[in-house]
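The figures that follow rest on heavy atoms only: side chains count, while hydrogens, waters and symmetry mates do not.
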Amino acid sequence: MTGAYTSGVTDFTMSGLFTVANSAPIIRLQDTTASAYDGRLRLDANNLYIDGSSDGATYAEVLRFELDTKIGYMNQLFLGSTGEAIRLNAPTAGQDPYVSFYAGGVRQAYIQSTDGTGINQGLRLYNDIATGGDTALTLRNSGGVDSLEFQVAGVEYTVFHTGNLTSADLNSIYGYTAASTAVDIIAGNGLTGGGAISADRTLAIGTPSTLTATSTNSVGADTHAHDVDWGGGVASIAAGAVGSYAWCQRVNNTTGYTLGQTVPGTDLESASSSSGGGAALSGTWRCMGNIGAGSTAGGSLSLFLRIS
């Protein structure tokens, strides 16, 4: 076919090869619908272009295939699929293709699936520009609960989770012993409470026993006692002090005092075996004998204990 054919051909059928030969051949597809974009297929310098134009005169690149390097370029790709949308298929096992991310012509990161069962073999997310050395997260082909690995500058670290974290791991990482939830807190002698560490537990001091003159330091199931240090005992108590005894005569009244009755010290004075006349007393005293009412002589004397 020669010449220009701009009209009159409505259908064109042929067999065999259709070749457009030129220094930069173009096949233009024109949509006569109003405001519709034109498209063209263009070959130029080893590159095959698909261009678009809104006015049929000025065209812009939409998609470019470099025929010599076998690389395609476009600004955006939208895939609508309910199945496998993109497949990276290496011609031979071990060649391991990957998806990379660039900024300013410099690779920033990539995603790659590698063959083999070594430490770094598997699905990898790799960061080329991390501070302190490249970082990577790998799902190892070896599988298992320890197959998730984190790497920093080539050093491998196991990622712990509920499937592989044990008390021993906590011990080695943090330097302390992690107790099993099957362990119980036992309330020892003198204490109450306790229980399994799976819940909060309280330990309380048991009720102590009453101290006596013969008490000793001791611990029972849920009680305890203490030895009482009397020092010099009764012998160390000063005369007239609380806890001391005195032989006294009733003064200032003729009231009878019964055993255990409390008496103010102002109504007593120290006495000899048969009569008073000694020093007046202070504080409060307990009658440790008996004084009959009306007695003013020998019958008005008794032994008293100062209680306050």
More than 12 foreign heavy atoms under 6.0 Å from CG of N217: is that the case here?
-> yes

Any chance the side chains of R306 and S244 put a donor and an acceptor closer than 3.5 Å?
-> no

Just checking, is any N or O donor in the side chain of Q30 or R40 under 3.5 Å from an acceptor N or O on the other one?
-> no

Measure the shortest side-chain to side-chain distance between L203 and I185 over non-hydrogen atoms and say whether it is less than 4.5 angstrom.
-> yes

Under 3.5 Å, which donor-acceptor pairs do the side chains of residues 152-159 form with other protein atoms, sequence neighbours left out?
none

Please determine if R64 forms a cation-pi arrangement with Y73, meaning its NZ or CZ atom is less than 6.0 Å from the six-membered ring centre and no more than 45° off the ring axis.
-> yes

Can you name the nearest heavy-atom pair linking V219 to G190, along with the distance?
-> CG1-N, 3.4 Å

4.5 Å side-chain heavy-atom contact, C248 and L281 = yes

Heavy-atom check, side chain of T135 versus side chain of Q151, under 4.5 Å = no

Using a 4.5 Å cut-off on heavy atoms from C-beta on, say whether the side chain of V242 contacts that of W285.
-> no

pair I307-T284: side-chain heavy atoms closer than 4.5 Å | yes

Heavy-atom pair with the smallest gap, counting every atom of L41 and L48 | CD1-CD1, 3.9 Å

List, one per line, each side-chain donor-acceptor pair under 3.5 Å for residues 257-265, sequence neighbours excluded.
{"unit_1": "Y257", "atom_1": "OH", "unit_2": "N253", "atom_2": "OD1", "d": "3.4"}
{"unit_1": "Y257", "atom_1": "OH", "unit_2": "N253", "atom_2": "ND2", "d": "3.2"}
{"unit_1": "Q261", "atom_1": "OE1", "unit_2": "T258", "atom_2": "N", "d": "3.0"}

Is the NZ or CZ atom of R42 positioned over Y49's six-membered ring, under 6.0 angstrom from the centre and within 45° of the axis?
-> yes

Decide side chain to side chain contact (heavy atoms under 4.5 Å, CB included) for R28 and D38; before the verdict, give the C-alpha distance in whole Å, the side-chain angles of both, and the deciding distance to 0.1 Å.
-> CA-CA 8 Å; R28 178 185 176 190; D38 282 0; 2.9 Å; yes

Between Y245 and M288, is a side chain to side chain contact (heavy atoms under 4.5 Å, CB included) present by the stated rule, with each step listed?
-> CA-CA 9 Å; Y245 288 85; M288 304 302 291; 4.1 Å; yes

Is there a side-chain contact between L139 and L148, using heavy atoms and a 4.5 Å cut-off?
-> yes

Enter the distance from Y126:OH to S100:OG here, rounded to the nearest 0.5 Å.
-> 14.0 Å

Using the rule that two of Ile, Leu, Val, Met, Phe, Trp, Tyr join whenever any of their side-chain heavy atoms come within less than 4.5 Å, decide whether L79 and M74 are in one cluster.
-> yes

What do the steps show when you test L191 against I205 for side chain to side chain contact (heavy atoms under 4.5 Å, CB included), and what is the final call?
-> CA-CA 5 Å; L191 301 174; I205 298 176; 4.2 Å; yes

Would you check if I27 and V20 make a side-chain contact, meaning some heavy-atom pair closer than 4.5 Å?
-> yes

Hydrophobic cluster membership, Y37 vs Y59, 4.5 Å side-chain cutoff = no

